[in-house]
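These notes concern the structure reproduced below.
Heavy-atom basis, side chains included; hydrogens, waters and symmetry copies ignored. Both counts, for ligands and for their atoms, begin at 1 and track the order of listing.
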Amino acid sequence: MTADLGDRTSPSLDERTIDTIRTLALDAVEKAQSGHPGTPMAMAPVGYTLWSRFLRFDPDRPDWPNRDRFVLSVGHASLLLYSLLHLSGVREIDADGGHTGRAAVSLDDIKAFRQLDSRTPGHPEYRVTTGVEATTGPLGQGCANAVGMAIAERWLAAHFNRDGLTLFDHHVYALCSDGDMMEGVASEAASLAGHLKLANLCWIYDNNHITIEGGTPLAFSESVAERFRGYGWKVLHVADANDLGAVAHAIETFRRTEDAPTLIVVDSVIGWGSPVAGTAKAHSDPMGAEAIRETKRFYGWPEDAQFLVPPGVADHFHTLLANRSRPLREAWEQTLIRYRAEHPELAAELACMLEGRLPDGWEDDVPGFAADPTGMASRDAGGKALNAIAQEVSALVGGAADLAPSTRTRLTFDGAGDLEAQSPGGRNMHFGVREHAMGAIANGMALSYLRPFTATFLVFSDYMRPPIRLAAIMALPTIFVFSHDSIGVGEDGPTHQPVEHLAALRAIPGINIIRPADANETAEAWRVAMRRTGMPTCIILSRQKLPTIDRSLYASADQLAKGAYVLADADGGDPELLLLATGSEVSLALAAHEQLAAEGVRSRVVSMPSWALFEQQPRSYRDFVLPPSVRARVAVEQACALGWGRYVGLDGATVTMNRFGASAPFAKLKERFGFTVANVIEVARNVMIAEKGNDGE
Ligand SMILES: Cc1ncc(C[n+]2csc(CCOP(=O)(O)OP(=O)(O)O)c2C)c(N)n1
Ligand SMILES: [Mg+2]
């Protein structure tokens, strides 16, 4: 076949399929009056070539663990993916992993593009549509997710493959755009991918020289190819996206490359075949009926037909994809049967990972900590709990953005090892100083059966917010560890002292933020995080030592699972004052409570490590912990007050940070900002006086 699709007189079945993808995109965007047709139109030949000739993806078993992954980082081109899933006949998997027998994306689904509750949302969403491997849309994220998937594939291969028994050898593809190439997160991820020599990773870059505001020369003039060569990637060039032979040749070269990730730069014309081809107008505007007719005429398409799938097209595509992939998947299943017989323990471990289960006994060695007024930093307790769990749960793989010694997240047990190019099965990752990519890479690992954790200082969670948010949207069990959680950082000063970060993280729906009060709450936090397989968790830890609370005097730390609990209660009657605190401030609240008790004030200390978990408790429990009748309430937290209003109410007060911190020894900062027993008591007494005054009115 000649590679040139310019001759439209006698299109082949391949060309017809490609034009079907294009016209479906045109029609769906027009019907929705919303969306981005130009990129699916231009990239249809690339997507089709990859899927029909290379992708190892059984359309009947889209959950096959060793399938190739295809990540559409250029999420605004979602119709490309929806059309590929529809035309190749991918079957649906439901939320419980069941095969429903239905199409993953039906033609009706494509007609319902961007409509409420459809399987075809504006940007691809993991868990909404079978075959969508990652939620994409924020440019750059999908690229970095793909790096995480490639790392996971390497890890799984190193950990599970045995001589003659290959369970993992798949490839990871990402389709990306100019915007992806401009985003820092993709650059960070590409840098690490090159360092790790991820030869199983291929990014296909749609080099169309167009972004929203116009041509890329407005803002982008570097040589992407040279940059990627500098990262250690193999860089290939396809001069015309319509040249199916050249696209195939490039993918073949990728598959033969053994020592580096591959970037295929594909020159394309956005909106190819339409009157607005090659202009920014093709990026986003529905084209209008007349332009669509003109485009369809150009493709040799019936110009008034809508959502037309010509006879033979879907069969053709399905046959190509299935005939290549099904035998591979069936052979894999045979391999797995032999594997189970020859390596039963490893097979059981693999089953756990694939099902997202924790192995029996995973928490048996999590330490308990004896009461100790000096105590230990929660980062230290966290490191012990993490190591105890990781020794039992091999899927727990992760590391820090160059701060493992400070976050105490290094896995130190025998055999943990470093994850490097030459040791892809290591457990300790070194993300380098690349927080943003760290989060997105971890999400990619979570999408490929691992239980990843990341670590850095809480103040740098700002650099990770997009992947944290996406982990929540995708309901991934990524664990984000953040140490150095407050002005307790001391001398490093305001740039390193988080103030607004807890509130900012708590504002994200669908994530569990836990700030434990002492070593035992920290161990519980790790337990809770591990059990949550459908939700990310942030574990927020102190740099400074925290007293290990005497649990024979006060309530047990396992109540952390309820989010908030009565740690210490008033003697001799109902409390007249509630002291609410998290993390390092719980001990301060306890000290205030003891002194108030000596002064005859009945207070209750509520440890509130996780607001999210607390909100999930029944009203009866929440009212038991925070009795509505007790309106004298003080919250103590070394962070901004935002959000505490809900718990302290109109009559309550907070001892919190209403400004950035300062560079000084921590003891001085505590005094300056009022984190002293005397100040907490003064604030509490004022609240009680005001509240009594209210009652008298
Ligand atoms: C992080 C992020 N910033 C901004 C956007 C909004 N946006 C969507 S597409 C796009 C750029 C489009 O250009 P390009 O990435 O080259 O894609 P093309 O239009 O060529 O398909 C932008 C800025 C986004 N999706 N993600
Ligand atoms: Mg572009």
Side-chain angles (χ1 to χ4, degrees), residues 21-22 25-26 28-29 34-47 71-84 114 121-125 132 134-146 174-190 203-225 227 238 240-242 263-274 276-287 435-437 439-440 443 462-471 473:
I21 297 171
R22 291 176 159 137
L26 273 173
V29 170
S34 164
H36 311 273
T39 306
M41 291 162 71
M43 282 290 109
V46 176
V71 179
L72 189 81
S73 190
V74 51
H76 60 269
S78 54
L79 275 169
L80 175 61
L81 182 50
Y82 299 148
S83 298
L84 291 168
R114 292 185 163 234
H123 296 85
E125 292 185 41
V132 169
T135 296
T136 53
L139 290 164
Q141 294 294 325
C143 293
N145 292 157
L175 185 64
C176 40
S177 66
D178 298 307
D180 283 303
M181 290 298 124
M182 293 186 211
E183 288 290 353
V185 63
S187 306
E188 293 175 19
W203 289 4
I204 301 175
Y205 163 35
D206 175 17
N207 183 34
N208 66 9
H209 297 284
I210 287 289
T211 58
I212 290 180
E213 293 183 4
T216 47
L218 284 171
F220 196 50
S221 42
E222 73 208 28
S223 163
V224 172
R227 178 155 64 88
V238 172
D240 177 2
N242 286 327
L263 178 74
I264 305 178
V265 182
V266 181
D267 295 350
S268 86
V269 177
I270 193 167
W272 186 78
S274 74
V276 292
T279 72
K281 276 189 87 56
H283 168 85
S284 57
D285 295 331
M287 282 189 193
E435 292 84 3
H436 195 173
N443 286 345
D462 287 338
Y463 277 46
M464 300 180 66
R465 201 167 166 77
I468 294 174
R469 180 170 194 271
L470 279 160
I473 291 178

Task: Side-chain heavy atoms of L81 within contact of V132, under 4.5 Å - done: yes

TODO: Answer yes or no: is there a donor N or O on one side and an acceptor on the other, between the side chain of S268 and the main chain of A42, under 3.5 Å?
DONE: no

Open item on the list: Could you check whether any side-chain N or O of N145 sits under 3.5 Å from a backbone N or O of A440, counting only pairs where one atom can act as donor and the other as acceptor?
Closed with: yes

- [ ] Please report the closest heavy-atom contact between G271 and A277, naming both atoms and the distance.
- [x] O-CB, 3.4 Å

Open item on the list: Donor-acceptor pair, distance only, cut-off 3.5 Å: does the side chain of Y205 make one with the backbone of A225?
Closed with: no

Task: L139 backbone acceptor or donor facing D180 side chain under 3.5 Å - done: no

- [ ] May I ask you to check whether E213 and H283 show a side-chain donor-acceptor distance below 3.5 Å?
- [x] no

- [ ] Output the distance between atom CG (D206) and atom OG (S73), rounded to the nearest 0.5 Å.
- [x] 11.5 Å

Below 3.5 Å only, please: the N or O atoms of ligand 1 paired with protein N or O atoms, distance on each line.
unit_1	atom_1	unit_2	atom_2	d
ligand 1	15 (O)	S177	OG	2.6
ligand 1	15 (O)	G179	N	2.8
ligand 1	16 (O)	D178	N	3.3
ligand 1	16 (O)	D178	OD2	3.1
ligand 1	16 (O)	I210	O	2.8
ligand 1	17 (O)	H76	NE2	3.2
ligand 1	19 (O)	H283	ND1	2.4
ligand 1	20 (O)	N208	OD1	3.1
ligand 1	20 (O)	N208	ND2	2.6
ligand 1	20 (O)	I210	O	3.0
ligand 1	21 (O)	T39	OG1	2.5
ligand 1	21 (O)	H76	NE2	2.8
ligand 1	25 (N)	G137	O	2.8
ligand 1	26 (N)	L139	N	3.0

Open item on the list: Angle between ring planes, H36 versus H123, binned at 30° and 60°: parallel, tilted or perpendicular?
Closed with: tilted

- [ ] Provide the protein N, O or S atoms situated under 2.8 Å from the Mg ion (ligand 2); waters are not included.
- [x] D178 OD2, N208 OD1, I210 O

